> 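Below you'll find the structure I mean.
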Amino acid sequence: MFYANQVRFYLNDKLVEMDVTPTQTALEIIRALGATGAKEACSEGDCGACTVALGLERNRYLAVTSCIMPATKLHGRHVITVEGLGTPENLHPIQEVMYRHHATQCGFCTPGFIMSIFCLLANNSQPDMAAFRKALEGNLCRCTGYQHIVQAGEDLLEKLHEGLLSISSLFPDFCDAVWDDLEQSQPPQVVPVSAGVLPSREYHLCYSLDAALHALDADPQNSRVISGGTDLFVESNVARRFAENYIDVQRIASLHTFSMDDHELTIGAGVTLEELLQDARIHVHFPLLSQAIEMMGSVQIRNVATLAGNLGNASPVADGACALLGLDASVQLTSSQGARSVPLKKYYLGYKQTERHPDEIITAIILPRKEGGFGNFIKTGKRHNVDISSVSSALSVQVDASGLLTDVVLAYGGVKEYPALATQTMALLQGKKIDEILITEAMACVEAEFTPIGDVRGTAEYRSLLIKNQLKKHLLRFIKRGEDA
Amino acid sequence: MPKKTRHLSGKLHVTGRSLFIGEEHISADMCHVAVVFSTCAHGRIISMDAVSAKALSGVHAIITAADIPGENNIAHGNNDNQPLLPADTVMYVGQPIALVVADSRQVALEAASRVTVNYEEMPAILSIDAAVKANQLYVPPRKIQRGDVARAFAEADCIIEGEVKIGAQEHFYLETQRCLATPDEDGGITLYAATQSTTEVQAVAARVLGLANHKITVDVKRLGGAFGGKESQGTLWAGLAALAAHYTHKSCYLELRRIDDIMATGKRHPFENTYRLACSADGRILGYEVILKSNGGAYIDLSLAILERGLYHSDHAYFIPNISITGYACKTNLPPNTAFRGFGAPQGIFPIEIALQQAAEKLGIDPIEIRKRNCYITGQTAPYGMEVCDPVGREMLEELEALASYKQLRNKVDEYNASHQYHKQGIGVVPGKFGISFTTGFLNQGSALVWIYTDGTISLSHGGVEMGQSVNAKVASVVARTLGVSMDRIRVESANTKRVGNASPTAASTGSDINGYAAENAAKKLKRRLSRMAVRYFSERGIACVEEDLVFADDAVVSGDARVSFADLVNFAYTHYCDLGSHGYYFTPGITFNREKGRGTPFYYFVFGAALAVSQVDLLTGEYECKKIYIVHDSSQSLNPDIDLGQIYGAFVQGYGYCTMEDISFNDKGQYLALTPSTYKFPTICDIPPTFKIKLLDLLREHASVLGSKAVGEPPFIYGLAGWFALYDALKRSVPQGSAIDLAFPATPEAVLMAKVQSAKKETV
Ligand SMILES: Cc1cc2nc3c(=O)[nH]c(=O)nc-3n(C[C@H](O)[C@H](O)[C@H](O)COP(=O)(O)OP(=O)(O)OC[C@H]3O[C@@H](n4cnc5c(N)ncnc54)[C@H](O)[C@@H]3O)c2cc1C
Ligand code: FES
Ligand code: FES
């Protein structure tokens, strides 16, 4: 039997109650409801044409790529699309600057850009141009060369900074009424209804860990735990690989915790990458992780994606996993039998194979705290923004009183079947003082340690060069703390 | 006033109200079409099993070549024979071999994925080398020659030679290929097609369905980007949708997924070129010999015209007294490569630019200086015998030096390099000279249809297709200026074969030239008629005037103190039996070319400009960043400077992506390896530097187009090459003087690092 879910959400000012199938995407639904400003141009989260604002609570709207968002996730949410902001007769201030600065040519990408800008401003009242560009890194335009969009941004930010425009005036009028209703009708539960459609059976939107474990226990082999869905829904859209059951754990409140004591930081599996990036504790105590997350996907992706998903996907080029490995993290796995903690260095077994049993859910990630010291993350790809690594690496070290390295951890992504430690090089560096000779030795050592493969993201030869040169960069940065390297 | 007009659909675009293909004209029983693609680069179809696909609920039909009622050939305007669906032999991976028609897109895609095909594989030719060896050429080699090349080399002080391999480029129009086909009552079909060429789609759909052209209507309101990728390549998908609608008698919609679009459609042609340059000691070009070889893919498509444009641009901005240009168009088992902004010119231009760059190094001359010394001057002719009219390459380079404060910039970059070990900066410069006109002469014609309604508003149809370039705004502004009316009186209609038949493709940057002239001609006819009416109008009111004294401006017609509003005059004209509809036609005069002799006048005029880029390279990883861009561009009497700027920004960035990060190769099975934007990377907003300056120039000239304007679509694409030269220069600064740098095209971070490493290896040998 197939099950569709009955969801209830708002699309702009309209209440929608409808059945959606497990693998339907939010974009499909939004467009079918007539909001065709949201476009499909890649269906894998990479172009931003489908960007909409997803309201999680009053005044909190996130840019998301609706093409890889499971439609069930719309339940209880408020979606604002470009149609909700303004009309041709009465342009919204963002639409007005984009229009006036010729920031649209063919127009196919334009709604996505506008929604990204809206979400930037809705969340960050005083962005600068660097933040403006960063907020649009996930929106591709093939026509404009972006410069007119940049000029529109400069104009807009100037108006904001001069107080000619207020953030609150950017929110459409209907938002308040929408939230009055949504807040009253919370907490909603989706209702499964039977329907005969392709190709998956069920999508469980779980609100408690128990419910999730129960659903998972029913058929662990044919179920996929889903958090942000930024890996899983690319798989279904592009590769047409579908799971029979999806078990969505992202609404489980107990997975959204974030706690730090003197020894460790525990990140709940539901915490999104963007939440981590905005968290001062991560910046201060685990800068390496912030560096890595900043380079992962675009804001649309980071708004929903999780570290748990990054580990769950077990990709050899997972940046989060590489950074976590470099921080000596552990992963907490929970089944209906109980919870266990596995050090990340023991987590990977082979290509896309991990210690996680099918009936286990990743519930937390635990980072040991080490004060002082040095941490650095490097990622090399074809393009600086929104690209998958050819090679990535993370180095963390402590320095003892006499200036010698201790607690050396050096992790790499993109060099073998899974993110891996460079154990020989770690041993070589341990207890040493960095100088030119040691750098040369360490580079030779690490180069010999891995035999990477060649693929579309880099030849084996290039990867080998990156392995040693990234280490050089880490060490130069360590000595010089920045500058030329 | 019309000069300041914004994008006519701008307000619709920014509010999401503009409708694209598949978003309107939809009926409740519309079917979705999915394509079964060949997975084999060359082979015979032995069997096809569609049983489990047919069994899916919601599947209406599976359609193959046997179901084509007319002639199974979609080749247009050339002598090739390209099937809509191959009956037995597949020629490339991604070639459509069957269609599934179903209730929903999901069911159609699922069913298509269940169709299994068995092939008898045949040897596939993929590379240019293999094609040349097997003599798989579309035509005998083309040649253009002048002077005595051998003597030039004998007398040269400096000889440069080399080989360049230039990769393909994916269009990545944001809107993938698509078409909605709806049956008409009389057996005809209306196609809402993603095409730059309504005429070609009409003719081909009629041919494959065995119908007369007049039974096929093609309507295009707007495209979500095209860049040449929908000039000929929209035809296949429109033909398939038409076939599905004809077969099922239902509305049928076909929309490619991105991954299928990249897999199955042609790209910018890869070229492999060898060059030899002979210079005097002071850097003057004495002779140049270049061989261009293009990878055309499995059907000829536009390969010949593209090769020709490559040949005609091999001299680029430079006068070369002794020259030999040879071109090969190779037939391979890749998707047929096709038009892409620049149309072969970038591949023809790159060799002379790298050769000059290397000559400058060898002779110790500044790279801008050597280019200036060789720019065409008045009276000189191109290798194919046409005089290069209004040559301003040298002035452009001088303007560029001023705009970028070149001397200071060079000093700053040198200072940076002196103080940085692991990062180096470089400066790249290229001039631009781009010939305007279709090199296929008869395509240089446009038409327009203008109706003035009795309330004084205007409906304008013209042969151009709007794809973001604002051809509609430009053509409308020509009408507005001619009739002295405001832009909001004018509604530009969709490109439709019923209103404008036999339209040339909107391509070769000619859209606003030929259609703008045609619209001007139509508007002038109306103006003449209205002038007669105005004289009558005024005389009935006791005011004597002559037609010559009338001024059409500000939505009124004025003679001295007398004035009639445009709307009143129109109404007067209508009630006095005046024809208020008019068709305008234009063809570009004097375009001829003799292919056997390699002589003729392929262009009406040239567009000049120049660009400079500063980039910074990370010598440890090969990554880079573009720091500054300066461009000067000859826009003459621009119809709309803001629109022109948008075209230049966009073209630069597309050209910059082409020569840097845009990397699409294929494996030995003929499959492209970067099929999605997760692997095919083109610039984001973060790749564009804060300093991105363009100066539009209007140098006095004789040769320009409608209302003194010039075409702008393609010429600035060339400027992007400055990005490649900036990386090349940065790498040069990282190695000892005189060491060679062999930088690939595109210069991906990997290519940059490998160039650096290989140069160092050569040094130590
Ligand atoms: C445009 C784009 C850009 C991207 N860029 C990057 C990048 O730069 N670097 C990078 O590393 N990745 C990148 N990714 C991949 C992806 O975003 C990350 O891997 C992300 O961390 C996945 O998180 P998620 O919550 O969305 O995972 P999901 O898709 O929900 O799940 C991924 C996998 O993890 C499993 N899983 C999820 N949650 C749990 C759980 N709690 N317990 C057990 N298993 C679980 C799922 O079953 C699935 O196998 C990108 C993806 C896109 C679409
Ligand atoms: S369609 Fe490209 S990101 Fe959604
Ligand atoms: S305007 Fe065409 S893709 Fe951005």
Side-chain angles (χ1 to χ4, degrees), chain A residues 35-37 41-44 46-47 49 81-83 86-88 91 95 98-100 102 104-111 114 133-134 136-137 140 142-150 198-199 238 240 380 382-388 456-459 462 465-466 469-470 472-473 484-485, chain B residues 6-7 9-20 23 106-107 110 113 172-175 222-225 257-259 420-423 467-469 620-621 623 642-643 646 649-650 652-654 661 663 673-674 676-679 681-682 684-688 692 748-750 753-754 757:
Chain A
T36 52
C42 75
S43 74
E44 59 163 27
D46 256 295
C47 78
T81 65
V82 74
E83 289 91 346
T87 61
L91 297 179
Q95 295 169 331
M98 290 285 282
Y99 171 66
R100 192 155 38 78
H102 293 264
T104 176
Q105 289 187 17
C106 80
F108 212 78
C109 69
T110 311
I114 287 174
R133 284 179 195 253
K134 182 81 182 148
L136 296 178
E137 67 184 342
L140 293 174
R142 195 56 156 163
C143 297
T144 62
Y146 305 103
Q147 186 63 12
H148 278 144
I149 299 173
V150 167
L198 290 165
V238 177
R240 300 190 55 77
T380 306
K382 264 200 192 103
R383 193 175 69 189
H384 291 288
N385 300 71
V386 201
D387 198 1
I388 303 297
V456 61
R457 296 206 167 88
T459 59
Y462 179 53
L465 281 167
L466 287 178
N469 285 358
Q470 284 191 356
K472 182 169 187 176
K473 243 172 157 31
D484 190 10
Chain B
R6 302 201 165 76
H7 195 311
S9 298
K11 288 189 177 176
L12 298 176
H13 283 339
V14 298
T15 54
R17 303 307 199 276
S18 50
L19 296 174
F20 290 78
E23 295 174 348
Q106 283 309 324
V107 171
E110 177 65 24
S113 75
F172 216 107
Y173 27 66
L174 268 258
E175 173 203 57
R222 60 172 64 87
L223 303 180
R257 299 189 306 154
R258 175 63 58 188
I259 186 171
H420 289 78
Q421 189 181 354
Y422 299 108
H423 288 92
M467 45 193 150
Q469 85 283 41
L620 289 175
T621 62
E623 291 162 293
D642 287 318
I643 289 172
Y649 287 128
F652 179 92
V653 171
Q654 213 168 46
M661 66 186 81
D663 182 17
L673 296 175
T676 69
S678 78
T679 42
K681 297 309 204 190
F682 64 90
T684 73
I685 197 167
C686 299
D687 295 297
I688 306 313
F692 194 163
T748 59
E750 168 162 355
L753 190 61
M754 297 318 285
V757 168

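Treat the numbers as computed from the prediction; the structure is a model and nothing was measured. In the text below, chain A, chain B and the rest are named by the order of the sequence lines, each starting its count at 1. Quick note: numbers below take in every heavy atom, side chains included, and nothing from hydrogens, waters or symmetry partners.
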> Non-hydrogen atoms of chain A under 4.5 Å away: do they reach the side chain of B/E23, the backbone, both or neither?
side chain

> About how many Å separate OG1 of A/T87 and NZ of B/K11, when rounded to the nearest 0.5 Å?
9.5 Å

> Identify which part of B/V653 has an atom lying under 4.5 Å from any heavy atom of chain A, answering side chain, backbone, both or neither.
side chain

> Against chain A, label B/S9 side chain, backbone, both or neither, depending on which of its atoms sit under 4.5 Å from a heavy atom there.
neither

> Looking at B/E623 and A/H384, would you say the former's side chain and the latter's main chain have a donor-acceptor pair under 3.5 Å?
no

> Please classify the contact of B/I259 with chain A as side chain, backbone, both or neither, using a heavy-atom distance under 4.5 Å.
side chain

> Just verifying a value: how many Å separate A/D387 CG and B/S678 OG, rounded to the nearest 0.5 Å?
8.5 Å

> Could you check which of B/H7, B/Q421, B/M661 has the highest count of heavy-atom pairs closer than 4.5 Å to chain A?
B/H7

> When heavy-atom pairs shorter than 4.5 Å are enumerated against chain B, which of A/L136, A/L466, A/L140 gives the highest number?
A/L140

> If you tally heavy-atom pairs under 4.5 Å against chain B, which of A/T380, A/T110, A/V150 wins?
A/T380

> Heavy-atom pairs under 4.5 Å with chain B: which of A/P88, A/G107, A/A35, A/C143 has the most?
A/P88

> Please lay out, stage by stage, how A/V82 and B/R17 fare under the test side chain to side chain contact (heavy atoms under 4.5 Å, CB included).
CA-CA 9 Å; A/V82 74; B/R17 303 307 199 276; 5.8 Å; no

> Is chain B contacted by the side chain of A/T459, its backbone, both, or neither, given a heavy-atom distance below 4.5 Å?
both

> Can you tell me which of B/I643, B/T679, B/T748 forms the most heavy-atom pairs within a distance under 4.5 Å of chain A?
B/T679

> Quick one: does NZ or CZ of A/R142 land under 6.0 Å from the six-membered ring centre of B/F682, within 45 degrees of the ring axis?
yes

> Should A/D46 and B/K681 count as an ion pair when the cut-off is N to O under 4.0 Å?
yes

> Measuring from atom CD of A/Q470 to atom CG of B/L620, what distance do you get when rounded to the nearest 0.5 angstrom?
9.5 Å

> For residues A/F108 and B/F20, establish whether the separation of their ring centroids is below 6.0 Å.
yes

> Quick check for you: to the nearest 0.5 Å, what is the distance between A/Y462 atom OH and B/M754 atom CE?
9.5 Å

> May I ask you to decide if A/C106's main-chain N or O and B/H13's side chain share a donor-acceptor pair within less than 3.5 Å?
yes

> Contact between A/Q147 and B/F652 at the side-chain level, heavy atoms closer than 4.5 Å - yes or no?
no

> Can you measure from NE2 (A/H102) to CG (B/D642) and round to the nearest 0.5 angstrom?
3.5 Å

> Decide, yes or no, whether a salt bridge links B/E110 with A/R240 under the criterion of side-chain N to carboxylate O below 4.0 Å.
yes

> Measure B/L753 against the heavy atoms of chain A and call it side chain, backbone, both or neither at under 4.5 Å.
side chain

> With a 4.5 Å limit on heavy-atom distance, are the side chains of A/K473 and B/T621 in contact?
yes

> Taking every non-hydrogen pair under 4.5 Å, which of A/I114, A/I149, A/T36 racks up the most with chain B?
A/T36

> For a quick test of reading the model, state the closest non-hydrogen atom pair linking B/V14 to A/Q95 and the distance between them.
O-NE2, 2.9 Å

> For residues B/T676 and A/E44, is any side-chain donor paired with an opposing acceptor at under 3.5 Å?
yes

> In terms of heavy-atom pairs under 4.5 Å, which option from A/E137, A/R100, A/K134 contacts chain B the most?
A/R100

> Any side-chain to backbone donor/acceptor pair from B/R257 onto A/V238? Under 3.5 Å, distance only.
yes

> At a 4.5 Å cut-off on heavy atoms, which part of B/S18 comes close to chain A: side chain, backbone, both, or neither?
backbone

> How long is the gap from CG on B/D687 to CG on A/N385, to the nearest 0.5 Å?
6.0 Å

